[in-house]
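See below for the structure under consideration.
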2 protein chains.
Amino acid sequence: MTRKADRDQIRRQNRSIVLQALRRNGPMARIDLGQMTRLSPATVTAITSDLLDQGLILSLESEEPKAPLARGRPRTLLKLNPEAVYTIGVRLAVNTIDLSLVDFAGEVVREIRTRFDTATADADSFPDALVTAIRQFLQEAGIGTNRVREIGVAAQGVVETETGMVAWSPAFAGRKIPIVGPLHDAFGAECYISNDTNMITEALHWSDPNRYSGTFAVIMLDYGVGMGLYLNNQLFSGASGTAAEFGHANHVPGGALCRCGKKGCLEAYLSDYALVRAASHLPEDTDPITIRAGVSGLARLIELAGSGDSDACKAFHEAGRVLGYGLARVIAMIDPKRVVLTGAAMRAFAFMEKGMWEGLEEALVADLRNNFSLDVMPWNEDFIRSGLIAQSMERLDKDFLGSASAKGSARPDSKELIA
Amino acid sequence: MTRKADRDQIRRQNRSIVLQALRRNGPMARIDLGQMTRLSPATVTAITSDLLDQGLILSLESEEPKAPLARGRPRTLLKLNPEAVYTIGVRLAVNTIDLSLVDFAGEVVREIRTRFDTATADADSFPDALVTAIRQFLQEAGIGTNRVREIGVAAQGVVETETGMVAWSPAFAGRKIPIVGPLHDAFGAECYISNDTNMITEALHWSDPNRYSGTFAVIMLDYGVGMGLYLNNQLFSGASGTAAEFGHANHVPGGALCRCGKKGCLEAYLSDYALVRAASHLPEDTDPITIRAGVSGLARLIELAGSGDSDACKAFHEAGRVLGYGLARVIAMIDPKRVVLTGAAMRAFAFMEKGMWEGLEEALVADLRNNFSLDVMPWNEDFIRSGLIAQSMERLDKDFLGSASAKGSARPDSKELIA
DNA sequence: AACTTTTTTTCGGACACCAAAAAAAATAAC
DNA sequence: GTTATTTTTTTTGGTGTCCGAAAAAAAGTT
C-alpha cells in the first residue's frame, strides 16, 4: 500500500525541486526559481533561506551579475555551494580504475587514473586495493573522508546492484567481487554500484531529458556488449541489479562460443572477438580467450572494411544482422520509444547498418517494429563518468533534506554541513 | 523535474490510503484504519467524515458487528459504499465478449457473455457492436451510463495502450481496431485497454502483493503466447503499450512459420498450433491458419502425451526447451525475482518441464540463472477479470479525490456522487 | 528628491496534520 | 441503580507549510 503523506514529505520534495532547478540552470534569482518550480515567491524565500542556513546554497552578491542594468531591485543570484559535500565516482574497467572527486555543484574537482592487474584481481585482493587507492586519492585532494557523502561505482560486466558485488566481469579474474560493503565500511559513505552501460543511460537522460526519458534502451557495442534500460522514467536494473544483460541473451541455440562459456549469446556474434573470429574464418567454437582482439583489433577490422576487404565487410554485415535480431527482441519485450546505439564499434556502423535493418525486418512483425526511433551516438568514455555524477547528484538532491533546520531559529550561521 | 508538492497532494494521498485500506480489509473501525494507515485518530475521523459526506463510504451501524462483547465504546465499522460508482470490465477474446459490471466495493454485480464473429470483426464494425452490447448490458442492469466511471478492456493480441487500439489480435479479422475512443465517446467514462496477460499480472499482484511485487514476469501459454511484466512495482507496458510481446520475439532466425507471418517467433514453437504441427510431423513452414488446433487440439495432445505417445511427448519436450530459451532471454533482459507460468498449456507442464530446464541451462550462464523463483499456476480464466477489477479499483482509489468537500461545511447530506 | 519598477521579504490566512483532552457509549463493579 | 472502568470517537488547540497580498528594499528615471 502507498505510504501516508505528511508535511515532511512536502517540505522535502519542494526543497529537492529547488536544488534540482539550481543544479540544472546554474545561478538563478529567487523570482526565476519561483517561475521554474511553480512555487510562490514567499515559499521560495522560505526554502532558500533554509538552504542558505544549512550551507547547501550560496548567495552570489559580490560578483557582477552581468546585469543588463535594468530598473528595480536587482536580483540576487543563488547557486549551489560546491563545498557543501563531495562524492566520488569510480569507474572499473580492464586494468583501470578511474577516480573522480565531484563537488556538490557537480564539477569534477580532481581525477586520476590508476592501474591494477586484472589478471590477478579477485574478491580477496581487489577491495583492499580499491580502498587504498581512494584513500590516497582523497589525501592528495586534501578532502577528509567525512566530507564524502557518496561513492558511486560503475563496472563492466555483470553487476549485482542489490548485493553490491561484481558477479563477473572482464575487468576481474575472480567472481563475486564485493565492492559496496568494503567501501562503505572504509569510508562510511553511501555506496552504490552499477553496470557501466546503465551509467551511460543515466548520462543521456541527464544531458537531454526531453529526448531521453520515458522508456528507452541503450545498446553499447565495445569491449563486450552492454545494455541500459530506462523504463517509465527511471533506470531499470532488475530485481538483483543484473538486468539488461543483452550480450548474454541467446541469439542462436547452440551457436557460436561466447566468453561466458555458453553457446550462441549475442556477444558471440557482436563483440570485438566475435568480429575478428568471423572475419578470420576461425570456427565458431574458437575459444574467445585465444583471440586477441580488443578495441585495437576492432580498429584494424574497421580499417580493412573501409578499404573494401570483403571478409571484413561480410563480418560487419553479418554482425549487423545479428544486431537487428537483438534489437527486434528488445523491442518485442520492452517496446522502447527510442534505442540508442553507442560504443567503440559504432565507428563501424556504416558497415553494419544495412544488415541491421535486414535482421530487424526479418525478425519482427511490422506492427511492433515501426514505433521507435534509432539514435547512433559516437562513443565517448566520459559518458560513464557523467552518468555516475548525474546519479549521485540526483540522489543528493533527494536525500539531503532529512534533518531540516530546527524551527524558525533566527538564522544562525550554522554551517553544520560544511564544518 | 519532479512536481512541486502541496497540501492537496497530501490530502489526496491519505484519502486514497484510507480507501485502499477499506478495500483490502473490508469493514473496519476508525481505530483500526488509524493503525493500518499510521494516520492519527483525529485525522482518520476527519478523512472518513469527508468520505462519508461524499458518499464514498458508509457507516455500518445497524448491523450486528459480531462484537465479542467487549467493554468500551463499541466500534462503528466503515465500509466502501458499493453504489458510489460503477465500472465495467470487458474481455475480448475469439468470438467472445465478456462484460462485467463491478461496483465500488469491487463486487461483480452482473455479468454476461456475448458472442460476435471474429472472422468479420474489423475497425469499422466492431466498435459500434461493442458500444451496443455495453449499452444493452447497462440497460438490463438498470444502471445509468452516468454512474459508470470507468471502462477497462482486456484483449488478446497486440494492444496499443497509448492509442487505445488493438493493433492486431486473433480475436479480430481487421487490424488497428479502435476501442478506447469509441467507448469514451459513447459513455463519457474513462476507458483503458490492456493486453490480457497484463491483467493476469495485475491480478496476481492484487491477490498476493507480498509474493507478487517488485519485478516479476508472467508467461501465459494458451491460445498464443503472452507475457506480462511487473517492473519496479508497477505494471509495465512500454512506450506505446505493446511491451512484453514474448510470443513474437524471435527464437531461431529463419525458423518455423508464425501466425504473424515472420519466421522463428517463440509462438511458432510454443503455441497450440505449433505443438500440433510438431507432433503431426508437418513441416515447419505449414501455415498456422491451416492447422486447426485451439485449446481442444491442445487437450487432445495432452491426452496423447499422457498415454505415452512418443510424438506428443517429444513435441512437448521440444516446446519445453524453447520455453527454456525464452525464459533465459527474459531473465537476461529483465532479471525478474519471479517468473509465473500459466495458461491452458500448463496442464502439460509435466511434459515440458525437463526440456525447459535443459533449455534454460543451455541458454544462460549460471550467474544470471540462479536468482529467480518459478511458479507454475493452474490456469483460470477469471484471472483476467480479476485483473481488470484490481486495476480499475486502484485507479478509482487514486483518482477519486480531486474535488474534495468544500471547506468545513457542516456536513450537508450531499451525496452528489450518488445522485 | 520624488516617482517608477522590480525583486524580495513579511504578514496573515488556509489547511492538513497531530497530540491531548473531552465526549460518547458501552461493560463491570459495588 | 449508581459509579467506575474501558474503549472508541470527536473536538480542541497547536504546528508547519504553502500561498496571496501587502510591505519593504533597492535599484533606475524623471
Side-chain angles (χ1 to χ4, degrees), chain A residues 3-18 27-53 59-61 64-65 67-78 401 403-411, chain B residues 3-18 27-53 57 59-61 64-65 67-78 401 404-411:
Chain A
R3 275 184 71 82
K4 88 172 175 188
D6 54 15
R7 280 192 309 279
D8 229 53
Q9 190 176 300
I10 290 194
R11 200 196 56 230
R12 282 173 196 240
Q13 188 165 329
N14 286 342
R15 239 149 262 240
S16 171
I17 286 173
V18 168
M28 291 175 83
R30 289 175 179 79
I31 191 148
D32 294 325
L33 274 173
Q35 288 229 305
M36 177 149 298
T37 58
R38 298 169 167 273
L39 292 165
S40 73
T43 305
V44 173
T45 292
I47 289 179
T48 54
S49 135
D50 254 28
L51 294 174
L52 280 165
D53 285 355
S59 189
L60 222 74
E61 345 211 16
E64 201 57 12
L69 37 122
R71 236 175 358 177
R73 179 172 177 173
R75 27 185 74 184
T76 58
L77 300 182
L78 300 171
L401 312 151
S403 57
S405 68
K407 256 191 115 181
S409 56
R411 201 178 308 191
Chain B
R3 273 185 72 82
K4 88 172 175 187
D6 54 15
R7 280 189 309 281
D8 229 53
Q9 193 177 298
I10 291 192
R11 199 196 56 230
R12 284 174 195 238
Q13 188 165 331
N14 287 342
R15 238 153 262 240
S16 171
I17 287 173
V18 168
M28 293 175 80
R30 289 176 179 79
I31 190 147
D32 294 326
L33 274 174
Q35 289 229 306
M36 177 150 298
T37 59
R38 298 169 168 274
L39 293 165
S40 73
T43 304
V44 172
T45 290
I47 289 179
T48 53
S49 134
D50 255 29
L51 294 174
L52 280 165
D53 284 356
I57 63 176
S59 189
L60 223 74
E61 344 213 17
E64 201 57 12
L69 37 121
R71 207 125 86 132
R73 179 173 176 173
R75 24 186 76 188
T76 59
L77 299 183
L78 300 171
L401 312 152
S405 68
K407 259 191 111 181
S409 58
R411 202 177 307 190

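The model shown is predicted, which means the values in this text are computed figures rather than measured ones. We name chains A, B, ... by the order of the sequence lines, and we start the count at 1 in each one.
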Are any of [X]'s side-chain N or O atoms less than 4.0 Å away from OP1 or OP2 of [N]?
| X | N | answer |
| --- | --- | --- |
| A:Ser40 | D:dG20 | no |
| B:Thr43 | C:dA16 | no |
| B:Asn14 | C:dC17 | yes |

Taking the side chain as every heavy atom from C-beta outward, state whether [X] and [Y] have any pair of such atoms under 4.5 Å apart.
| X | Y | answer |
| --- | --- | --- |
| B:Thr43 | A:Lys4 | no |
| A:Thr37 | A:Asn14 | no |
| B:Val18 | B:Arg15 | no |

Checklist entry - With sugar-phosphate meaning primed atoms plus P, OP1 and OP2, does B:Ala29 contact a base, only sugar-phosphate, or nothing at under 4.0 Å between heavy atoms? => result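 Result for B:Ala29 = sugar-phosphate.
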
Next on the checklist: Please classify the nucleic acid contact of B:Pro74 as base, sugar-phosphate, or nothing, using heavy-atom distances under 4.0 Å.
Outcome noted: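 Sugar-phosphate: the residue B:Pro74, judged by heavy atoms under 4.0 Å, touches backbone atoms but no base.
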
[N] [atom2] sits how many Å from [X] [atom1], rounded?
| X | N | atom1 | atom2 | answer |
| --- | --- | --- | --- | --- |
| A:Leu77 | C:dT7 | CG | C1' | 12 Å |
| B:Asp8 | D:dC19 | CG | P | 11 Å |
| A:Ile10 | C:dA16 | CD1 | P | 10 Å |
| B:Leu52 | D:dT9 | CG | P | 12 Å |
| B:Arg30 | D:dT11 | CZ | P | 10 Å |
| B:Arg7 | C:dA14 | CZ | P | 11 Å |
| A:Gln9 | D:dG16 | CD | C1' | 15 Å |
| B:Leu78 | D:dT8 | CG | C1' | 12 Å |

Next on the checklist: With rounding to the nearest 0.5 angstrom, report the CD to CD distance, A:Gln9 to B:Gln9.
Outcome noted: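 Interatomic distance, A:Gln9 CD to B:Gln9 CD, rounded to 0.5 Å: 6.5 Å.
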
Checklist entry - Do A:Arg11 and A:Asp50 meet the salt-bridge criterion of a basic N to acidic O distance under 4.0 Å? => result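 A salt bridge is absent here (no side-chain N lies under 4.0 Å from a carboxylate O).
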
Measuring from the side chain of [X] (C-beta onward, heavy atoms only), which nucleotide among [options] has the closest atom?
| X | options | value |
| --- | --- | --- |
| A:Arg71 | D:dC18, D:dG20, C:dT5 | C:dT5 |
| B:Thr76 | D:dT9, C:dT8, D:dT8 | D:dT9 |
| A:Arg73 | C:dT8, D:dT11, C:dA28 | C:dT8 |
| B:Arg75 | D:dT8, D:dC18, C:dC18 | D:dT8 |

Item to check | A:Thr45 or A:Lys4, whichever maps to the more 5' nucleotide of DNA chain C | outcome: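 Nearest nucleotide further toward 5': that of A:Thr45.
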
Checklist entry - Nearest nucleotide by nearest heavy atom, which residue falls closer to the 5' end of DNA chain C, A:Ile31 or B:Leu39? => result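 Looking at the nearest nucleotide for each, A:Ile31 comes out on the 5' side.
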
